[in-house]
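See structure below.
Excluded from the calculations below are hydrogen atoms, water molecules and symmetry mates; all remaining heavy atoms, backbone and side chain alike, are included. A quick note: this is a predicted structure, and the numbers were derived from the prediction, not measured.
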Amino acid sequence: MGTIDRSTVHPREIFKEAYLNQAKSIICLHNHPSGDVHPSIEDRKLTSALREIGQLQAIPLTDHLIVSDEAYFSFYESGLL
């Protein structure tokens, strides 16, 4: 859930779903309605936290994608994951 310009997510909620679905890995995806798919500082912090938690829980983060109507950004493809 979010507001017009911000969304708050806690890694606990993401990994809860991964556990309930017996996931072997996860890919996270969110949108930037502005069209600018470059990751914010918050996006980078969340990705780092998800990567660390995933390693500890043996459910690795495979990628984190940011999408808009015209473009996407992949942390994996960009070498940030």
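- Applying the side chain to side chain donor-acceptor pair (under 3.5 Å) test to every pair with at least one member in residues 11-20, sequence neighbours left out, gives these pairs: Tyr19-Gln57.
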Which donor-acceptor pairs under 3.5 Å do the side chains of residues 22-37 make with protein atoms, sequence neighbours left out?
from: Ser25; atom 1: OG; to: Thr62; atom 2: OG1; distance (Å): 3.2
from: His30; atom 1: ND1; to: His64; atom 2: NE2; distance (Å): 3.0
from: His30; atom 1: NE2; to: His32; atom 2: NE2; distance (Å): 3.2
from: His30; atom 1: NE2; to: Asp43; atom 2: OD1; distance (Å): 3.2
from: His32; atom 1: ND1; to: Asp36; atom 2: O; distance (Å): 2.8
from: His32; atom 1: NE2; to: Asp43; atom 2: OD2; distance (Å): 3.1
from: Ser34; atom 1: OG; to: Asp36; atom 2: N; distance (Å): 3.2
from: Asp36; atom 1: OD1; to: His38; atom 2: N; distance (Å): 3.1
from: Asp36; atom 1: OD1; to: His38; atom 2: ND1; distance (Å): 2.8

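- Enclosure of atom CG in Asp69 is not indicated, since only 12 or fewer non-hydrogen atoms of other residues, nucleotides or ligands lie within 6.0 angstrom.
- To the nearest 0.5 Å, the span separating CD on Gln55 from CG on Leu61 amounts to 9.5 Å.
- Within 6.0 Å of CG on Leu20 lie more than 12 heavy atoms contributed by other residues, nucleotides or ligands.
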Distance-only check: which donor-acceptor pairs under 3.5 Å involve side-chain atoms of residues 72-81, not counting sequence neighbours?
from: Tyr72; atom 1: OH; to: Glu77; atom 2: OE1; distance (Å): 2.9
from: Tyr72; atom 1: OH; to: Glu77; atom 2: OE2; distance (Å): 3.3
from: Ser74; atom 1: OG; to: Asp63; atom 2: OD1; distance (Å): 3.2
from: Ser74; atom 1: OG; to: Asp63; atom 2: OD2; distance (Å): 2.6
from: Ser74; atom 1: OG; to: Tyr76; atom 2: N; distance (Å): 3.3
from: Ser74; atom 1: OG; to: Glu77; atom 2: N; distance (Å): 2.9
from: Ser78; atom 1: OG; to: Ser74; atom 2: O; distance (Å): 2.9

